[in-house]
Protein chains: 2
Amino acid sequence: MPKRINPFKEQREGQIKEAALKLFSQKGFHNTTVTEISEAAGLGKGTIYWYWKSKEELAFSLVEDMLSAFLRLLEEAVGWEGAFREKFDRLLDEVIALYRVEKEHCRLLWKFRADRHYIFDQEYVRKVASYYLGMRKAIAALVEQGMEEGAIRRADADKLALAMLGAAEGLELEWLENEEYFDIGEGLKLVFGALLDGLGGET
Amino acid sequence: MPKRINPFKEQREGQIKEAALKLFSQKGFHNTTVTEISEAAGLGKGTIYWYWKSKEELAFSLVEDMLSAFLRLLEEAVGWEGAFREKFDRLLDEVIALYRVEKEHCRLLWKFRADRHYIFDQEYVRKVASYYLGMRKAIAALVEQGMEEGAIRRADADKLALAMLGAAEGLELEWLENEEYFDIGEGLKLVFGALLDGLGGET
DNA sequence: CAATATCGACCGACCATCCGGTCGATATTT
DNA sequence: AAATATCGACCGGATGGTCGGTCGATATTG
C-alpha cells in the first residue's frame, strides 16, 4: 500500500512504451539501447528501471499488448452470430483494420520473432507460445463450423488453421517489407478468397 | 599469385561454414560468437579471419548460398517445357525437396531476416533484396504463362507472385517452428492447390 | 501557518562483462 | 629463407544494469 500514489505513472509508462515501441520496431531488440529509449522518452535512463525491472520486461509488455489484442479479436470472432463465411469475412476485415492501426506493433512482433528465445526467458517464451496456440485454436473452431456447414471441404481443422495463420503471417511480412507496393488487405483477400472458394464444399 | 596453393582451403572453409551454419541457424547472428564458431570448427579464432574478413562476410556467404540455390531453381522452372500447371506442380515438388534438404539454411535465413539491416551493410542488403526480386519475377513469369493459358484468372501477376511468395514463406515459418507437427509439403500443397483451383480460369 | 521531516521519482556516472577483430609468435611448406 | 597458414592473448568499444545522490512534493508537528 503506497503512501503516495504517483500522479504521473501512466504518463511516464506511456512515454517510455511509445519510445520503446518506435525504436524496437525500427531497429529490433539488440540494436536498441536502453539509453536511446530513455533519451527518446525525454527521461533519464534510471527512470526506465524505476518502472520496469529490465529491458526484457519492457519489451515483453509491448509484445503482450499486441498478442492479447489479436487473440481477443479471434476469440470474439468465434462467438459471433451467423454463418461461417459471413463471420470469416467480417473477421478478415477486422484483422486488416487491426494490422493497419497497429502497424508498428506488427513490425515489433516480427523483429522479435526469430530470436525471441534469446530475448526473453523461458517463461515469457511460453506465454508467447500460448498466445499463438490460442489463436490457432480460435481459427480451428471457426474452420470447424465451416466444415459442419459444408462451406469448407472436410480436413484436419487444426492443421488448416495453422496453414491459414502461416499464410496470413507471410503476407503480413511482405506488406511490412513492401509497404508502398503491397497492401495487406488486398493480399489477404486475394489469398483467403481463393483459398476458401477453392476449398469450398459442393456448390 | 600464391607460390603454393592451400591444400586445406576447401576443407577449412567447409569446416568453418558448417560450424557457422549450425550455430547461426540455432542461435541467430547476435547470439553466436566468433569464438564459438572457431571452437565448433576445431580451429583457432584467428583462422576464421584468414578465410573471411569479418563475421558479417562469413554470415553473408551462407545466406547467399541458399538464396542463389532458390533463385536458380525458380529461374530454371520458368524455362521448363510444358503447360503451366505441370510446371507449377513440378516446381512445388522441387521447392519442397530443397526446403527439406536445406532446412538449416532455411532456418538461418529466417534468423537473419528481421534484422538483416543491422547485420549486413547496405551493399549486402541490396544483394539480398535483388535475390528476392529475382524470385518474384520468376514466379510472375510463370503466373503470366498460366494467365495466357487460361489456367489462372487474369490479375496483376507481379502482386500475385508476391502474395504467393509471402504465403509460402509463412508456411515455411510454421514448419520451422512446428516441425514435428506441421509438414511443409503438406502445407504448401494444401494452400497452393486450393489457391490455384480457386483462382483457376473457366473449367 | 511555518518549520521540519520524510518520501519517492528521477538522474546519470560508473561498473562489470562481453565480443569482434588484431597482431605478433609460431609452425609448415616450398 | 620466404611465403603461407594457424593460433590465441589481448585490446578497445559498447551496453545493460546499479546506486548514491538530488530535489520537489507531501506529511507532520508546534
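Computed from a predicted model, the values in this text were never measured in an experiment.
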**Student:** In whole angstrom, give the distance that lies between atom OH of A:Y51 and atom P of D:dG17.
**Tutor:**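 Checked: the OH to P distance equals 19 Å.
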**Student:** Check this one for me: any side-chain N or O of B:T47 less than 4.0 Å away from OP1 or OP2 of D:dC7?
**Tutor:**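 Indeed, a polar side-chain atom of B:T47 lies that close.
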**Student:** Can you tell me how far P of C:dT28 sits from CZ of B:R12, to the nearest Å?
**Tutor:**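 Rounded to whole Å, this separation is 12 Å.
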**Student:** Strictly under 6.0 Å, is that where the ring centroids of A:Y118 and A:F29 end up?
**Tutor:**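 So the answer is no for these two rings.
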**Student:** Separation of A:I48 atom CD1 from D:dG17 atom P, in whole Å?
**Tutor:**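 Rounding to the nearest Å, CD1 of A:I48 and P of D:dG17 are 11 Å apart.
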**Student:** Would you kindly give the CD-to-C1' distance between B:Q11 and D:dA5, to the nearest whole Å?
**Tutor:**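 In whole Å, D:dA5 C1' lies 13 Å from B:Q11 CD.
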**Student:** Distance-only, no hydrogens or angles: does the B:K189 side chain make a donor-acceptor pair with backbone N or O of B:D93 under 3.5 Å?
**Tutor:**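 No, B:K189 side chain to B:D93 backbone: no donor-acceptor pair under 3.5 Å.
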**Student:** Whole angstroms only, please: what is the CD-C1' distance between B:E39 and D:dT6?
**Tutor:**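 Rounding to the nearest Å, CD of B:E39 and C1' of D:dT6 are 15 Å apart.
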**Student:** Just the rounded figure in Å: distance from P of C:dC10 to CD of A:E13.
**Tutor:**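 Taking CD of A:E13 and P of C:dC10, I get 10 Å after rounding.
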**Student:** Tell me: CH2 of B:W50 to C1' of C:dG24, nearest whole Å?
**Tutor:**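 Atom CH2 in B:W50 sits about 14 Å away from atom C1' in C:dG24.
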**Student:** Looking at side-chain heavy atoms only, is the closest gap between B:L176 and B:C106 below 4.5 Å?
**Tutor:**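 They are in contact (side-chain heavy atoms under 4.5 Å apart), so the answer is yes.
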**Student:** Tell me whether the centres of the aromatic rings in B:F70 and B:Y131 are closer together than 6.0 Å.
**Tutor:**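 Between B:F70 and B:Y131, the centre distance exceeds or equals 6.0 Å.
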**Student:** If you define the side chain from C-beta out and look only at heavy atoms, does anything of A:H30 sit under 4.5 Å from A:F24?
**Tutor:**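 No; the side chains remain at least 4.5 Å from each other.
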**Student:** List the protein contact pattern of nucleotides 17-22 of chain C with one symbol per nucleotide (5' to 3'): B for base contact, S for sugar-phosphate-only contact, - for none; contact means a heavy-atom distance under 4.0 Å.
**Tutor:** --SBBB
**Student:** Rounded to whole Å, please give me the gap between NZ in B:K9 and C1' in C:dT29.
**Tutor:**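 To the nearest whole Å, that distance equals 17 Å.
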**Student:** Side chain to side chain contact (heavy atoms under 4.5 Å, CB included) with B:A161: which residues, sequence neighbours excluded?
**Tutor:**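 With neighbours one apart ignored, the set is B:R136, B:I139, B:A140.
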